[in-house]
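Taking it in order: structure first as structure tokens, then the write-up.
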Amino acid sequence: EVQLVESGGELVQTGGSLRLSCLVSGLDVTDFTIGWFRQAPAKGWEGVGCIGRRDGISGREGGTYYADSVKGRFTISRDIDKNTVYLQMNNLKPEDTAVYYCAAPAYSGLFTYSLSPSDYNRWGQGTQVTVSS
């Protein structure tokens, strides 16, 4: 059974930083693109960024892709030993307030990068991030 568990969300002031974690079990985070998404009150889903899978032939690490709204402020990385994907968020703004989710697709290799929620079918329970002004 695949499980994704987010943690690290909390209340932070504008300009502050947080690091969210996505602990994954049941699949290898190097074999799947892992995405981060958020949902703010009264707003739809927004893809934040994703980290691509490692190339099975060349061994080259997957890159990252970000939404324009977070580019330059957010960074996604992964720890292979811990099978965990991180979302480092710097220079946080009130508009970053949302519940943040990590997600994985049904199969490895379906795509390299995607910020479309419909491309993912395995989701964590979410973690709340609140940025005060």
Side-chain angles (χ1 to χ4, degrees):
E1 181 187 4
V2 176
Q3 286 189 320
L4 298 91
V5 180
E6 302 94 337
S7 62
E10 61 181 73
L11 173 64
V12 64
Q13 291 185 334
T14 296
S17 297
L18 280 177
R19 189 178 78 162
L20 306 184
S21 300
C22 174
L23 175 62
V24 182
S25 59
L27 62 82
D28 190 330
V29 295
T30 60
D31 292 335
F32 287 77
T33 294
I34 302 296
W36 281 98
F37 297 84
R38 65 187 181 186
Q39 189 173 34
K43 294 184 180 180
W45 288 94
E46 180 185 9
V48 173
C50 61
I51 183 166
R53 66 186 181 94
R54 176 185 291 172
D55 187 280
I57 297 176
S58 69
R60 184 170 58 90
E61 288 295 337
T64 51
Y65 181 81
Y66 302 95
D68 288 342
S69 59
V70 306
K71 201 172 294 182
R73 300 188 297 124
F74 290 12
T75 304
I76 297 174
S77 62
R78 63 182 161 215
D79 185 322
I80 297 171
D81 292 336
K82 296 180 180 179
N83 213 44
T84 298
V85 176
Y86 300 102
L87 177 65
Q88 176 67 43
M89 306 186 294
N90 298 328
N91 191 22
L92 283 161
K93 305 175 181 179
E95 51 263 43
D96 295 318
T97 295
V99 179
Y100 284 72
Y101 300 84
C102 58
Y107 302 103
S108 174
L110 283 177
F111 49 82
T112 302
Y113 305 117
S114 174
L115 297 185
S116 174
S118 62
D119 285 335
Y120 298 80
N121 75 335
R122 296 155 167 170
W123 294 81
Q125 83 291 346
T127 185
Q128 175 70 49
V129 172
T130 303
V131 184
S132 63
S133 56

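Numbers here simply count residues along the sequence, with the first being 1.
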Task: Glu95: partners by side-chain contact (heavy atoms from CB on, under 4.5 Å), with sequence neighbours left out - done: Lys93
TODO: Can you tell me which residue pairs pass the ring-ring contact (aromatic ring centres under 6.0 Å, His included) test with a partner in residues 68-104, sequence neighbours excluded?
DONE: Trp45-Tyr101
Open item on the list: Show every salt bridge (Lys or Arg N to Asp or Glu O under 4.0 Å) that has at least one partner inside residues 40-55, sequence neighbours left out.
Closed with: Arg38-Glu46, Arg54-Glu61
Task: Pairwise distance CG(Asn90) to OG1(Thr75) - rounded to 0.5 angstrom - done: 6.5 Å
TODO: Nearest 0.5 Å please: distance from the OG1 atom of Thr33 over to the CG atom of Asp119.
DONE: 10.0 Å
TODO: Verify side chain to side chain contact (heavy atoms under 4.5 Å, CB included) between Arg122 and Val24, making sure each step is shown before the conclusion.
DONE: CA-CA 10 Å; Arg122 296 155 167 170; Val24 182; over 6 Å; no
Task: Members sharing Tyr113's hydrophobic cluster (side chains within less than 4.5 Å) - done: Tyr65, Leu115
Minimum heavy-atom separation for [X] and [Y], please, with both atom names.
{"X": "Leu18", "Y": "Leu92", "value": "N-CD1, 4.0 Å"}
{"X": "Lys82", "Y": "Thr84", "value": "O-OG1, 2.9 Å"}
{"X": "Ser133", "Y": "Thr14", "value": "CA-OG1, 3.4 Å"}
{"X": "Gly62", "Y": "Ile51", "value": "O-CG1, 4.2 Å"}

Please answer whether the main-chain N or O of [Y] pairs with a side-chain N or O of [X] as donor and acceptor at a distance below 3.5 Å.
{"X": "Arg73", "Y": "Asn91", "answer": "yes"}
{"X": "Glu6", "Y": "Gly126", "answer": "yes"}
{"X": "Asn83", "Y": "Val29", "answer": "yes"}
{"X": "Thr97", "Y": "Val131", "answer": "yes"}

Open item on the list: Ring-plane angle category for Trp123 and Phe37, please: parallel below 30°, perpendicular beyond 60°, tilted otherwise.
Closed with: tilted
Open item on the list: As a quick check of understanding, evaluate side chain to side chain contact (heavy atoms under 4.5 Å, CB included) for Val129 and Met89, giving each step before the final call.
Closed with: CA-CA 10 Å; Val129 172; Met89 306 186 294; 3.8 Å; yes
Task: Close side-chain approach of Leu110 to Phe32, heavy-atom, < 4.5 Å - done: no
Task: Heavy-atom check, side chain of Cys50 versus side chain of Tyr120, under 4.5 Å - done: yes
TODO: Just jot down the side chain to side chain donor-acceptor pair (under 3.5 Å) partners of Ser118, sequence neighbours excluded, or say none.
DONE: Ser116
Task: Val99 with Val5, same ILVMFWY side-chain cluster at under 4.5 Å - done: no
Task: Qualifying disulfide bond (SG atoms under 2.5 Å apart) pairs with a residue from residues 3-38, counting only residues at least two apart or across chains - done: Cys22-Cys102
